[in-house]
Amino acid sequence: MLLVNQLRENRDQIIAALTKRNKDFTAQIDEIIALDETRRKTQNDLDNNLAEANKLSKEIGDMFKSGKKDEAEAAKPKVATLKEAAKALEATLQQTEEAQKQLLYTIPNAPHTSVPQGKTAEDNVEVHIWGQMPNLGEQKKPHWELIEEYDLIDFELGTKIAGAGFPVYKGQGARLQRALINFFLDEATKAGYREIQPPHLVNEASGYGTGQLPDKEGQMYHVGVDDLYLIPTAEVPLTNLYRDVILKEEQLPVKMTGYTPCFRREAGSWGAHVRGLNRLHQFDKVEIVQLAHPDQSYTILEDMVEHVKGILQKLELHYRVIRLCGGDMGFTSALTYDFEAWSGAQERWLEVSSTSNFENFQANRLKCRFKNSDGKTQLVHTLNGSALALPRIVASLLENNQTPEGIRIPAALVPYTGFDMIRK
RNA sequence: GGAGAGGUGGGUGAGUGGCUGAAACCAACAGUUUGCUAAACUGUCGUAGGGGGUAACCCUUACCGGGGGUUCGAAUCCCCCCCUCUCCGCCA
């Protein structure tokens, strides 16, 4: 969430930045600032009140020790009165803080200056494109036909044992999954990311930490009996590793990578274009996460973008990078680049990675800080990116590399798959 | 799941109602000494909120797993919850 101090100091700039999301947050922000006035005043009153009570209590103690029992007894009611008043002030303080927090939860991150104005995906800006559309001829098939033909992935079986959107990977299809995961993890490790294997279920505090809660409550699977959430991305457990942590400046940047399955209810988002692997309830993804010094976070974002580019190029996939417009950007992000791989048979772009700088929006909730060179604690900037999400990569690989003899595996992957061609 | 023990600052750990935001030791940081390293010595060393000051800093409040309660006063007493450890049970 946004910092109250920043709202107070840069009210106009933040309101202006937020208009890129096509919404006016002036009313909410002004209310937050007003609540903050109340909060500070109440805190001040409460402090004075408690200081007086503490002083009196000490005096009463001294009176008892020096045998002035009557005086002590006489002073007791005074403290009681003060405490009474303190209780009321405390209640006001709590209510004010709670109201302020609830309002803060409703305000998304302020977009970076480079974020284009816009409402929908139409307004996103292409910043980079690589490779060429494959020439597949008339016989080309979409991946949902290829996976059946080569017996790689079985949706029916998944439906039988779990439900729609839970595919079963078989034989070379399963092997391809494992190959991709290992390939992605190795690439991230080579780039200096430390591999982490986190839990796949997280508690409520973690959900709030990275901002999935309360914003995306209905999008996560929730295990009621134990009050745990299935992770929608490794970002959640990885970033939360550093919740309530104060780092040393020289520890930055913290670079982590992790493979996890991702679980998404995708409530209400099923419709056209969701056939096959395009949208699933469970899918695999390798994530890269960094905790960065605020001065470096945008340089680091570019590094992460380069990293993702490199992987896509090794996979020989025609892809493009787009800068999301304000209207298309996620709630917590300040700047997001999406990567889209070309799907040769569907003849459309598929989003395969989203790489973002959250600045201190997540860190504020996480209370992830570092001690700067002045010895002051300061919030870190958090960043993450998919490197990469598997299903649409598989879709593109299968479609773009189909030949009459079988499906060709890109050279960089062959050491991982152990085969260079998927055959019937 | 059953029984018992316990949760205190970065770590170990003292502290059973006021003199404790918290001893001591270790670690860390700064300095002194030294040809360098080591050792020794000296000092600093939790977080958050509020107020004041250009600032160094000062005043103040809260926090000893979390929440509530008793009391003039709670790390210390009471209640609920969470977690950890040991033993037993179950089990990949």
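Side chains included, hydrogens not; waters and symmetry mates left out as well; all remaining heavy atoms used. Lettering of chains follows the sequences in order, A, B, ..., and the numbering in each one begins at 1. Model, not experiment: these values are computed from the prediction.
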*Check step by step if side chain to side chain donor-acceptor pair (under 3.5 Å) holds for A:Thr42 and A:Asp45.*
CA-CA 5 Å; A:Thr42 311; A:Asp45 293 347; 5.8 Å; no
*Atom pair distance, as rounded to whole Å: CG in A:Leu3 and C1' in B:rA48*: 14 Å
*Quick one: do the A:Asn109 and A:Thr332 side chains pair a donor with an acceptor below 3.5 Å?*
no
_Rounded to whole Å, how long is the line connecting atom CD of A:Glu37 with atom C1' of B:rG50?_
13 Å
*Rounded distance in Å - CG (A:Asn203) to P (B:rC83)*: 10 Å
*What string of B, S and - do you get for nucleotides 56-72 of chain B 5' to 3' if you count protein non-hydrogen atoms under 4.0 Å?*
S---SSS---------B
*Is A:Glu59 salt-bridged to A:Lys68, going by a charged N under 4.0 Å from an acidic O?*
no
*Using purine N1 to pyrimidine N3 plus N6-O4 or O6-N4 for Watson-Crick, or N1-O2 and O6-N3 for G-U wobble, each under 3.5 Å, what pairs with B:rU20?*
none
*Is there a side chain to side chain donor-acceptor pair (under 3.5 Å) between A:Glu399 and A:Ser343 once you walk through the steps?*
CA-CA 6 Å; A:Glu399 292 183 12; A:Ser343 166; 2.6 Å; yes
*asked:* If you compare every side-chain N and O of A:Arg369 against the phosphate oxygens of B:rU47 (OP1, OP2), does one of them come in below 4.0 Å?
replied: no
*Carboxylate-amine/guanidinium proximity below 4.0 Å for A:Asp151 and A:Lys170*: yes
*Under 4.0 Å: is that the gap between some side-chain N or O of A:Lys41 and OP1 or OP2 of B:rG49?*
no
_Let's test this: given Watson-Crick or G-U wobble pairing with both distances under 3.5 Å, identify the partner of B:rU71._
none
*Nucleotide paired to B:rA30 in any strand shown, Watson-Crick or G-U, under 3.5 Å*: B:rU42
_One thing to verify: whether A:Glu187 and A:Lys314 come together as a salt bridge, which I'm taking to mean a side-chain N less than 4.0 angstrom from a carboxylate O._
yes
_Need the pair for B:rA5. Rule: Watson-Crick or G-U wobble, both distances under 3.5 Å, any strand; none if unpaired._
B:rU84
*Between B:rA28 atom P and A:Gln251 atom CD, what is the distance in whole Å?*
14 Å
*Does a nitrogen or oxygen in the side chain of A:Arg40 sit under 4.0 Å from OP1 or OP2 of B:rG51?*
yes
*Would you say B:rG50 has OP1 or OP2 under 4.0 Å from some side-chain N or O of A:Arg39?*
yes
*Could you state the CG-C1' distance from A:Leu89 to B:rG49, rounded to the nearest angstrom?*
15 Å
*What does B:rA62 pair with, Watson-Crick or G-U, if both distances are under 3.5 Å?*
B:rU47
*Check the distance between B:rC82's C1' and A:Asp226's CG and give it to me in whole angstrom.*
14 Å
*Should A:Thr377 be listed as having a side-chain N or O under 4.0 Å from OP1 or OP2 of B:rG46?*
no
*Euclidean distance for C1', B:rG6 against B:rG13 (whole angstrom)*: 14 Å
_With A:Tyr229, the side-chain hydrogen bond (donor to acceptor under 3.5 Å, both in side chains) member among A:Gln219, A:Glu204, A:Glu217_ = A:Glu217
_side-chain hydrogen bond (donor to acceptor under 3.5 Å, both in side chains) partner of A:Tyr193, chosen from A:His307, A:Glu287, A:Gln290, A:Lys255_ = A:Gln290
*asked:* Which nucleotide, if any, forms a Watson-Crick or G-U wobble pair with B:rC90, using both distances under 3.5 Å?
replied: none
*To the nearest Å, how far apart are A:Gln100 CD and B:rG49 C1'?*
12 Å
